[in-house]
Each structure stands twice: as C-alpha cells, then as structure tokens.
Amino acid sequence: MSSAVRQAVSELCVPVPWGEIRGKVWGPDHGRPVLCLHGWADNCGTFNTLIPLLPKDCRYVAVDLAGHGLSSHRPPGVFYSFSAYVADVRRVVDGLRWTNFSVIGHSMGGNVAAMFSALYPEMVDALVLLDAYGFLPTDPKEVSKVMRQGMDEMIQFEKKSEEKKRVYTYEKAVERLLTANPTLSKQSVCILLERGLVQVEGGFVFSRDLRLNFKNIVRITLEQSLEMQLRIQASVLVILAEKGFEAKISESNHQKLFSTLLQGYRDRNHTVVTLPGDHHVHLNDPEVVAPLVSDFLHVKVLSQQPLA
C-alpha cells in the first residue's frame, strides 16, 4: 500500500435512530462512490487489503453493519435481518448524499447489496458480489421452522439476566476467531480484530452483538429471490471462490436453488467467475480478486460516467 493511499483513509460516522453506523473511507472526496459491505460477523476491515488495489478514481466507503465492528447494536428486542440492513444502507447513503453509486458486498454483505439493488435499482450502477449469490433463498417447507427457531432464540436470550461477554487475552481472541473461521489467515484475523475487539478490564471482548448468532427470521423463497434479481438494473459481477460457498453448497441439498440464481445472472449477461481460494479470498489474497473488480469498475462505471 502506498503512503498516499494510507493518508487517504479516514473514519466515518453516520447517525442512525439508535446510535451510529461507523466505517472507513478511502479515496478522493469527489471520486466515483463505491459502498463496501462486509460479511456476517466480520467488519469493514475485511476490505483493508483489497481497496488499495482498486481504481484510485473511486471513493470507497466501507461500513460496519449494525451490531458489527464499531457500529451501534440494535435496540433490545429488535431482530437482525437482511431487510433491516438494507434500510441501514439507505440511511448511510442518504447521510452521504449519494444518489448513484456502486456496491461491493462480501457474503452476507453481498446479499444485502443485491437486495438494495433490487429495491432501489435507480441508485446502483454496478454490483460486485464476493463469494455471494446475492440472495439466500429458503425452501418454503423450511420457512416456518426457521422463523420459529429465530424467535425462540431471541426470547430465550431475553429471559436471561444481562448476558456477560467472555473476556479474552488478545492471543486467545486470535485463537478463537481462527477456530471459528479456519479460512482466515492469521494476518486477516488481526485485521478484523482491529474493529472486532473492545478492551475491557482484564482483556478484550468481541464487539459484535451476540444476537447476530440467532436465525434470521425474515426469509424469502427462490421464486421471490428470482423476482428481486430481475429488478436489478446494475451490471453485476459475481466472484465465487472454489473453496468457498460453492464447495459447501455442492455438498448440500440446496445446490439447485443457488444454481438457478447463478443461471439467472448469466441469462441477463452478467458475469459469473470462479477463482481459486476460500471464502475470504478477497482479504487473504486480494491480488487474485483485485484485477477482476478493477476491470469491472473501469468498464462499467469509470469509462461510462464523468467524475462526480
């Protein structure tokens, strides 16, 4: 990373009704706006290694989604869901006064990005999905079961006296995150922990909200996913990792659901590529991912529109 790029990084804070959404900003004030959304239980640090390799004519804003990183947790009794995150994205871009921008989303962030692009198609000109399919369809027969599980988890959590987070030494926190995410390199773990830990008496606690572990109670079917996919007007680049979700799905009974989604992108002349690597390839090995994303942004955004 060049010193010029380092100097361009600043902290972001957008007020929301229950607190604030925090994040990081790279690039010139009037660069083409690109919003970056991280995956479940990660934070905006997931883009630390990738963004410095992307076009310098863009202004990249990577946020900590609610309940993650340094952003405020949702109020007591409130569930986490993709649709709620989409509303948060709208709050953030309104705060930034962005009316047209590109989005890069990893994993869960890719699903939030695609849903936002479907609901607000006029606002998004290009969409990059990093080891994400854009939607997470649920078999209709499973919807009621999953919804009930998520509700029961929340209610049981609320019945307990104040949940105390476990305190770790830094080394134990690294070990804990490596165990939970074996696809992460140790360097990547340390990057995520910059915003993923809060220092307390006796050590560190993870900053993310414990309620993130509960089942998402807002579910959509494959039919609903395909209908939303049709509403996306942005150019789409899907980058899958050989050892990421694709490998997991191929071993499950949900392969047909996701194959149908991928075919939907191809049918609309969007680009779907698979790269060697694992679920966090964009963070562990950004040099593999950056050329594809850079070319896509140049062709679909930077060559099409003047700088803002």
Exercise for review: Ignoring hydrogens and angles, tell me if any N or O in the side chain of Asn111 forms a donor-acceptor pair with the backbone of Gly134 under 3.5 Å.
Suggested key: yes
Review point. Any sub-3.5 Å donor-acceptor pair from Asn216's side-chain atoms to Val218's backbone N or O?
Key: yes
Review point. Side-chain contact, heavy-atom cut-off 4.5 Å: Pro55 with Leu302?
Key: yes
Point to revise | Shortest non-hydrogen separation from Arg195 to Ser207 and the atoms involved | key: O-OG, 3.0 Å
Review point. Are Tyr133 and Phe258 an aromatic pair by the rule of ring centers under 6.0 Å?
Key: yes
Practice item. Look at the side-chain heavy atoms of Ile, Leu, Val, Met, Phe, Trp and Tyr, link any pair under 4.5 Å apart, and say whether Phe206 and Leu210 land in one connected group. Key: no
Exercise for review: Would you mind reporting whether Leu136 and Phe82 have side-chain heavy atoms less than 4.5 Å apart?
Suggested key: yes
Point to revise | Candidate pair Ser185 and Asn284, rule side chain to side chain donor-acceptor pair (under 3.5 Å), full reasoning | key: CA-CA 6 Å; Ser185 68; Asn284 293 331; 3.3 Å; yes
**Study point:** Between Phe214 and Phe157, ring centroids under 6.0 Å
**Key:** yes
Point to revise | Exam field: side chain Arg211 to backbone Val78, donor-acceptor pair closer than 3.5 Å | key: yes
Practice item. Please determine which of His282, Lys243, His279 meets the side-chain hydrogen bond (donor to acceptor under 3.5 Å, both in side chains) test together with Asp131. Key: His279
Check your understanding: Distance-only, no hydrogens or angles: does the His280 side chain make a donor-acceptor pair with backbone N or O of Asn181 under 3.5 Å?
Key -> no
Review point. Taking C-beta and beyond as the side chain, do Leu37 and Ile104 meet within less than 4.5 Å on heavy atoms?
Key: no
Study note, to complete from the structure: Nearest heavy-atom approach of His73 to Gly67 is CD2-CA, 3.7 Å
Review point. Sub-3.5 Å donor-acceptor pair from the side chain of Thr260 to the main-chain atoms of Lys256, do we have one?
Key: yes
